[in-house]
Structure formats: structure tokens, C-alpha cells
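The structure presented is a predicted model; accordingly, all values stated were derived computationally and were not measured.
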Amino acid sequence: MSQHPMLASLRGSDTGKVMSARQAVQLIRDGDTLATAGFVGIGFAENIAVAIEALFLDSRKTDRQGLGRPRNLTLVYAAGQGDGKERGLNHLGHDGLLKRVIGGHWGLVPKLQRLAVANRIEAWNLPQGVICHLFRDIAAGKPGTLTRVGLGTFVDPRHGGGKLNKRTVDSGVDLVRLMPVDGKDYLFYRAFPINVGIVRGTTADPDGNITMEKEALTLEAQAIAMAAHNSGGIVIAQVERIAERHTLNSRQVKIPGVVVDCVVVAEKPEYHMQTFVETYNPAYSGEIRVPMSAIPAMAMDERKIIARRAAMELSANDVVNLGIGMPEGIASVAAEEQIIDLITLTAEPGVIGGVPAGGLSFGAATNTQAIVDQPSQFDFYDGGGLDLAFLGLAQADREGNLNVSKFGPRLAGAGGFINISQNAKKVVFVGTFSAGGLKIALAAGGIRILADGQARKFVHEVEHRSFSGPVAAKDGKTVLYITERCVFRLCADGLELIEIARGVDLQRDILDRMDFVPIMRQAPALMDERIFASPPMGLRPQMLEIPIADRLSYDARQNLFFVNFDALSVRSAQDIERIRQAVEWRLAPIGHQVAAIVNYDRFSITPELIDDYTGMVKSLMERYYSAVTRYTSSTFLRAKLGEAFRKQVADPNIFATRRQAQQNLPDGA
């Protein structure tokens, strides 16, 4: 590729690569394509952005036509980089400075939003992980990125190709195209040269070797630097300090000096904060670990109710992603329930393990196990490494589609949402049922709706498809939609209502507040009462129990179904429902009745649930069992279970040992 015209003069200098921010940005030409690294405020080169803005505004004052320089730039970035006000990429939000923006997330850059909404720039929104991988593929000289990420969403060319306004559509430029491979649909995201890469680190030497010891994340900085260098462009690196040549530990150098052209030392401390709200937190850089007791408990409101219900979907050893906003509360609930050590929390910019931070420090984390580069994290995500993802619920429709990216003139952008929601094994969307003015009160194991929100979230058709319900249903993905008053599940036909909070009126508080009628195959179950009470819910022992599916086994040769309920504790109506679903899932495909033996050693059940439990068992017996025996070594439990079962069946057949239970199965059962 053709080289940047200023490279020769830079490489001929004998003063090293250190220069002022003004000198560095003067190398940017009109029409250049800039790629910037950062996540909110983490790893963002604020000083360079300030210098670009100042150069543009100063040159506009002296130009006879009032045109600033540089102008007509193309800006490419993966994650949101801004504070929602003035900082970050908002410095570049001037008419004439930018011609085109290709961004992963727009919610933190209102000044860029305004240019896009006013049709003053070409504007694209592509998945965050795709842009990260595109940087790496540009560096490798590949024609683009081939992936299934984005199928069925607004970035699919059949649904808009990621274009956000009329000017982009009229440009005739297509960055995404559909490409079938071996009978399967893929999306191909076209590569393009990067003329200027803007990155950040902690320490540099005069040769441009960059370390990141005080940074909360390493992000996509290395990929951007290599992409710009291999495109014949220049790389500008902002750092906090300069070290002598040959003093940096080579194992700590994240960006080698061979790909760096300009090193800028931050001129003010506020230009090099670790996050946009913290100058430096040693816990974010792994310098120290903090006690888990430092994580504050949430107030008992609708956010905590939602986070608690969502936390019930966690299983031991899950690898989990928490989205920004409402999902952040799940980490607090996990700490309060003392289960955070049983799961591995991750965040898309590269965090593995620990506890993610919130607000404008989102992306950072304390007590992490590892920090990996953002493109590598999305390799892990896209390949199915996530067991469970909790993401925000902004707007959903009858097909289970979700919109988190565009609402009228407001461009939020999808960020990593598309990558994560499409590739996690299980997805849980969390959010209030309505928005704008919602007020609730806790009441007797449930809630009362005092005032509903003004904006409906469950609409006939979403405005922007950030998540495709039909694609997820076709793939057999488990998807839940959790609110403070009810829970929906994605099925082949769309959204199914499966749970409702006690105290909530189905017609008044749910159906009348939706633009469509959800699927209701049966009366929705009551949400677990523990969610609405102040004490901890006791999730730790529940998570350490053997999963219900692993307690069931079938021997086809003997036509014998064995149920291991050893040490199982039934504490809620949801527990009973999980047992029913698991047994049906295991036995329905067999197509004929089976003989069953049930182990009730150390089994326990909340007294008020016994009738519901035995009723469920009777239903299973009638449909699936030719005969059933039970056993427990506890005399007390045999008596209690016998008494309960006799209300539903004539002979409960409860014995002291498994051998007795098996011997007492009828011949030929």
C-alpha cells in the first residue's frame, strides 16, 4: 500500500519519536482514515483527541473560507469512547472535521450522534467484535472479516447493512455483504486501509516501545497499530511517561516500537486518567486485590428484583458476560449471595474473572484472573466460550427480536451486544417492563405496580433489530426476558409468558401494557418469593447441588428410569417446575412408559409445597411410569413422604434401600 507522505521525515529524525501532541496531529492529512482505541475512557488517548479538535478549530479561524484542517476524516472505532458529554470522541464532533464514522457504539458520543442524525456525515454501526477483528485482518493484509455475527440483525444487508442515515445509503458504499459458504450464510465485512492509528499506553521509550502496566485494559491497541503500520500509515501513541532506551521489560511491551511513529506524553493528568472517573485505581491494573466485602449491596428496588431473578439462572462454573447498565447489578447480587467464586465473570474488552466495575469505569474490573486483548476476547466469545450472557432489555417484539441500538433520533449503537447475544450458549435479557416513571412496592412475596412507565418496551415490531429472535430460535438457543413483574421465554413461535410476580394482575399489568399477546400455553408460574424478600436467597447451596438433568438416567435394556434425588432441596414452585420439565424432556422421546426408581435419601421440601410436588409426581406417573418405587434410609422421611403421597396415590411404595425398591418393582414393569 502507498505510504503516508510524512513517514520519511519522521524516520530520518535523530531525536527519537517523542513529540508534542500538536506536532503529532499535524501529520494527519485531509481525508485520512483514523482508528482509535479505547473503551469508554479506558485506554483512550484524550490528549490526542483534544489536539485534533484544537488544530481544526484554530485552522478554521485563519482559513479564508472558514474551513478547518484536517477535514473530511473517516473515523473507525470498536467500543464506545466518550463520557456522554464532552470527552472522548466528542472532541471530533465538528461539522467538516469528519466525513464518515464507522463505530461499534454511539451512545457515549452525542456530538457524533447529532452529525449522523442531521445527515451531515456518513454513519455506520457495526458489531464491536467485528471491528476489533477487522483491525487485525487489515494488519494481516486480508480482504476483510468473514463471520456469522450480525445475521438477521440491522447489519445484515437484507436489513440495512449497518447504515444509520440517508446520506450513508445514498453514498453507494457497502461495507457488508452476504456470502454463502458451503450452504451456510455468512457476512463479509470489507477491509480498508488505516492511515492513522491512535493508541495509548503507560510507558514508552524513545524508540516507541509501549508498556501498559497502569492501564485497566490492553484493548485493540496492538491490532490498530499493526493495521496502520501495515497500511503504510502512521501510529500515534499517547503515554504517561518516558523511560530510557533498553530499560523496558520486553515481556511487558504490548506495542513494539517498530510500528510506532509518534510518542506523545500526556500534557495534563486529566488527559491520561485510568477511567473517566478515576485517576488511578491500583485494583484495576492488578496491582492489588480488594476484599469482596467492598462490593456494595443493592437497594431493594425493581433493579435488584430483576438482578435476583436473573441470578437464579446461574450455575456453578458458568463463564458469564455482564452487559452495561441493568446487568451490572447481577455482580452485586452474586457477591451478596456468596456465589461469585462459583462463576467466572467476563467483560468484552478483555476482562476474565473478578468483578466488573460500573458507570464510567465500566470495562475495568477488580480481582481479575486475566486481561486479554479485545480481539482475542471476541475470538473466545464468537466461538461459543460464553455459557451465559446477561444483557439489557430496551425493546422487544412478538418474535423475540430485541432493539438496543436505535430509538427514533437517538443512536445508541449495538457495541458488543450482537456478538455476545448471538454466540453465548444462553442469553438472559434484563430490564424493567416499562420505561419512564415506573413505581412499584414490595408486597407479600411479590410486588404492586403503583405507577407504570410511560413508554412500552414490548412492541409489535422493534424499530432496529439488534438481536434476531427467529435466528436464535432456529439455532435452538435458550433465551429469557426477565422483568420485575414477569418472565418470558423465546420459543419457535415467539415470546412465551412463563412467570408472573405475585400481586401483579395478568390483564391490567401485563397484557394491557403490551402491543401484542404473548404465547401462553398454560397459566404462568409464580415468580420465586425469595426474589422479593430482603434476606439472601440461599443460592450457594442451590448452585452446588447436582443439576436436575444429571440426576436422571435411563437404562433402555431394562427399561428402567433412575431418579437420584439424594440431598435435593425443593424450596420453590420453580424447583418443582424444573423437575417436571427435566423428567418430561428425558422421557417424552422414549415413546412408551418406563419403570422408575427414585432415591429420596436426604431429600427435603418446604412443607407448603408438598401438595404441589406430589400432584406433579402423580401427573408424571400417569403419563410416563408403568410402575414406580421409592427409597430412603430415613425412617422419618419415609413416614412423611408416605403420608404425602397417599393423598395422591394408593400405594406410595417407599422402601429403606435401593435393593428393596428394585426387588419390589412388578415383574415386566
Check ion pair [X]-[Y] (N to O, under 4.0 angstrom):
X      : Y      : answer
Arg521 : Glu496 : yes
Arg530 : Asp528 : yes
Arg580 : Asp575 : no
Lys425 : Glu313 : no
Arg485 : Glu302 : no
Glu584 : Arg623 : yes
Lys85  : Asp83  : no
Asp301 : Lys304 : no

For [X], is the [atom1] atom crowded, meaning more than 12 foreign heavy atoms sit under 6.0 Å from it?
X      : atom1 : answer
Gln454 : CD    : no
Asn317 : CG    : no
Gln338 : CD    : no
Lys426 : NZ    : yes

Do [X] and [Y] have side-chain heavy atoms sitting under 4.5 Å apart?
X      : Y      : answer
Ile482 : Val428 : yes
Phe532 : Ile305 : yes
Ile519 : Leu495 : no
Leu151 : His159 : no

ask   = Within 45 degrees of the axis of the six-membered ring of Phe565 and under 6.0 Å from its centre: does Arg551 put its NZ or CZ there?
value =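 Cation-pi check for Arg551 and Phe565: fails.
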
Just verifying a value: how many Å separate His105 NE2 and Leu89 CG, rounded to the nearest 0.5 Å?
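Between His105 NE2 and Leu89 CG, I get 12.5 Å after rounding to 0.5 Å.
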
Could you tell me if the ring centre of Phe429 sits under 6.0 Å from that of Phe467?
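Close enough - the centres of the two rings lie under 6.0 Å apart.
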
